[in-house]
Amino acid sequence: MCRMKTSNGNTSIMDMFEKGRVLKICAPMVRYSKLAFRSLVRKYNCDICFTPMIVASDFMRSVKARDSEFTTNEHDRPLIVQFAAHDAQTLADAACVVAPFSDGVDLNCGCPQRWAMSAGYGACLINKPELVKDMVRQVRNQVDNPNYTASIKIRIHKDLRRTVDLCQKAEAAGVSWITVHGRTSEERHQPVHFDAIKTIKDSVSVPVIANGDIKYLRDVESTHQLTGVDGVMAARGLLANPAMFDGYEDTPLECVWDWVDIAVEQGTPFTCFHQHLIYMLERVSSQPERKVFNSLSSTSAVIDYLQNTYGSVSELGT
């Protein structure tokens with residue numbers, strides 16, 4: 001049992017599900033859902049953010065891994081830390097380390113990448129319901145804060161009965177909520193199976209989050225209508241437009257400059273700073289503009305380009 005003092009020991013993320021609204025959530029994204037980007041989307045109506053997936057065994061083995069993989073600050077809440085794990089004690093140990101600085105942990109049962117599946121992580125876990133059950137139970141038992149959540153993020157089986165069985169077993173083990181990416185582990189850009197998400201939602205009593213193809217705020221409402229879910233999680237849609245949950249069709253200029261401020265303040269490495277802007281400007285810039293922008297190689301060159309091409313926020317009102 002790990003004891004901990006926590007600033008939010010008396011409040012639970014679960015209370016957010018009580019209000020009958022559809023929660024808007026930033027997905028775990030390798031390299032991208034780090035502190036700076038989470039700080040940005042929180043300014044634009046994002047309710048909950050996930051860290052990128054962290055391999056729990058590496059995290060526990062090395063202080064260096066802990067310091068580089070997990071950075072946060074006092075404003076970075078509510079926060080869910082996502083782990084890849086295939087061993088219940090390792091996951092519980094990792095949960096105990098991050099629990100004082102977060103609101104819950106999530107077990108990745110959905111990553112379809114070959115390296116993850118061959119290592120026994122990610123989407124291969126949807127075929128190991130007893131192991132998932134044990135991992136959820138150990139986190140619930142060992143983190144000494146009843147409000148700390150243990151959730152799972154899954155993909156679906158071709159035979160949906162197996163997915164329902166997995167979710168019901170996780171619920172019996174005390175899972176807090178379940179995020180369903182409405183595709184199988186073989187599917188990439190095929191349409192999301194909303195009917196499958198609805199079936200899962202109807203078969204458990206814990207909250208269910210829908211993930212897949214959320215590009216605009218209107219998709220949040222339509223997904224809720226189709227499935228009855230309690231929340232919606234976006235990945236690529238938020239990369240393209242971090243202000244999406246606030247109802248903007250494309251990234252507003254204000255959001256671009258907010259990103260510049262946050263990234264400069266937090267010392268975001270140039271490659272990451274630049275790549276986020278490439279995503280954010282893709283829908284609002286022409287091919288020749290993109291070619292020029294993508295070739296820039298310093299923060300100051302990027303800021304000059306933005307200033308010259310789009311102007312500053314202070315000029316918006318003029």
Side-chain angles (χ1 to χ4, degrees), residues 25-34 49-62 65-66 68-70 80-95 98 102 104-139 149-160 162-171 173 175-190 192-193 196-197 200 208-214 233-236 238-239:
I25 301 172
C26 174
M29 291 179 276
V30 173
R31 292 188 303 281
Y32 296 127
S33 63
K34 295 194 164 186
C49 290
F50 275 58
T51 67
M53 180 182 80
I54 299 168
V55 177
S57 55
D58 296 346
F59 188 76
M60 292 312 295
R61 202 178 298 125
S62 136
R66 289 200 283 283
S68 69
E69 294 281 338
F70 181 61
I80 303 297
V81 183
Q82 192 190 60
F83 285 111
H86 49 53
D87 168 75
Q89 193 53 52
T90 306
L91 179 63
D93 289 344
V98 299
S102 58
V105 291
D106 185 84
L107 173 64
N108 184 310
C109 306
C111 178
Q113 291 182 25
R114 201 173 285 121
W115 75 265
M117 291 179 67
S118 63
Y121 301 132
C124 72
L125 290 175
I126 64 173
N127 300 316
K128 299 178 181 176
E130 294 301 330
L131 177 57
V132 170
K133 196 173 165 180
D134 190 33
M135 289 199 274
V136 168
R137 189 179 287 129
Q138 291 305 329
V139 171
T149 62
S151 54
I152 60 174
K153 183 172 187 288
I154 66 169
R155 282 186 174 237
I156 59 173
H157 299 84
K158 282 197 179 74
D159 178 358
L160 203 57
R162 296 179 65 194
T163 321
V164 167
D165 176 63
L166 167 73
C167 293
Q168 290 175 339
K169 285 195 163 99
E171 180 174 31
V175 82
S176 306
W177 81 80
I178 299 168
T179 301
V180 182
H181 185 145
R183 293 183 174 99
T184 67
S185 50
E186 292 75 40
E187 291 174 325
R188 289 300 179 271
H189 301 294
Q190 291 89 333
V192 170
H193 300 282
I197 299 174
I200 293 163
V208 172
I209 309 293
N211 174 221
D213 280 358
I214 307 295
M233 176 184 281
R236 284 178 307 211
L238 277 177
L239 284 180

Legend entry - L160 CG to I197 CD1 distance, which is reported to the nearest 0.5 Å: 10.0 Å

Inset, instruction - Could you tell me whether the side chain of I80 reaches within less than 4.5 Å of the side chain of I25, counting heavy atoms only? - result: no

Inset, instruction - Check whether any side-chain heavy atom of I156 sits under 4.5 Å from a side-chain heavy atom of I200, and report yes or no. - result: yes

Inset, instruction - Assess whether salt bridge (Lys or Arg N to Asp or Glu O under 4.0 Å) is satisfied between D134 and K128, documenting all intermediate values. - result: CA-CA 10 Å; D134 190 33; K128 299 178 181 176; over 6 Å; no

Inset, instruction - Could you check if a side-chain atom of C26 sits within less than 4.5 angstrom of a side-chain atom of Y32, using non-hydrogen atoms only? - result: no

Legend entry - 4.5 Å side-chain heavy-atom contact, R183 and D213: yes

Legend entry - Side-chain ion pair, D58 and R61, N-O less than 4.0 Å: yes

Inset, instruction - Output the distance between atom CD1 (I209) and atom NZ (K153), rounded to the nearest 0.5 Å. - result: 11.0 Å

Inset, instruction - Grab the two heavy atoms, one from A95 and one from F83, that are nearest each other, plus how far apart they are. - result: N-CE1, 4.3 Å

Inset, instruction - Take atom CZ of R188 as the centre, draw a 6.0 Å sphere, and report whether it contains more than 12 heavy atoms from other residues, nucleotides or ligands. - result: yes

Legend entry - Residue pair P129 / D165, side-chain heavy-atom distance below 4.5 Å: yes

Inset, instruction - Quick one: pull up CD in E171 and CD1 in I152 and give me the separation to the nearest 0.5 Å. - result: 10.5 Å

Inset, instruction - Kindly assign one of parallel, tilted or perpendicular to the pair F59 and F70, based on the angle between their ring planes and the thresholds 30° and 60°. - result: perpendicular

Legend entry - Donor-acceptor contact present, side-chain H157 to main-chain T163, <3.5 Å: yes

Inset, instruction - State which residues pass salt bridge (charged side-chain N to carboxylate O under 4.0 Å, His left out) with R31; sequence neighbours excluded, sorted by chain then number. - result: none

Inset, instruction - Supply the atom-to-atom distance Q113 CD to S118 OG, rounded to the nearest 0.5 angstrom. - result: 10.5 Å

Legend entry - Min side-chain heavy-atom separation I54-R66 under 4.5 Å: no

Inset, instruction - Taking all heavy atoms of A150 and all of V175, pick out the closest pair and write down the distance. - result: O-CG2, 3.3 Å

Inset, instruction - Hey, could you give me the CG/OG1 distance between N108 and T179, rounded to the nearest 0.5 Å? - result: 10.5 Å

Inset, instruction - Verify salt bridge (Lys or Arg N to Asp or Glu O under 4.0 Å) between R155 and E187, making sure each step is shown before the conclusion. - result: CA-CA 10 Å; R155 282 186 174 237; E187 291 174 325; over 6 Å; no

Legend entry - Nearest atoms (heavy-atom pairs only) where M60 meets T90: CG-O, 4.2 Å

Inset, instruction - First locate atom OG of S185, then atom CD1 of I154, and finally report the distance between them rounded to the nearest 0.5 Å. - result: 11.5 Å

Inset, instruction - Look at the side chain of S33 and the backbone N and O of F50, then say whether any donor-acceptor pair between them is shorter than 3.5 Å. - result: yes

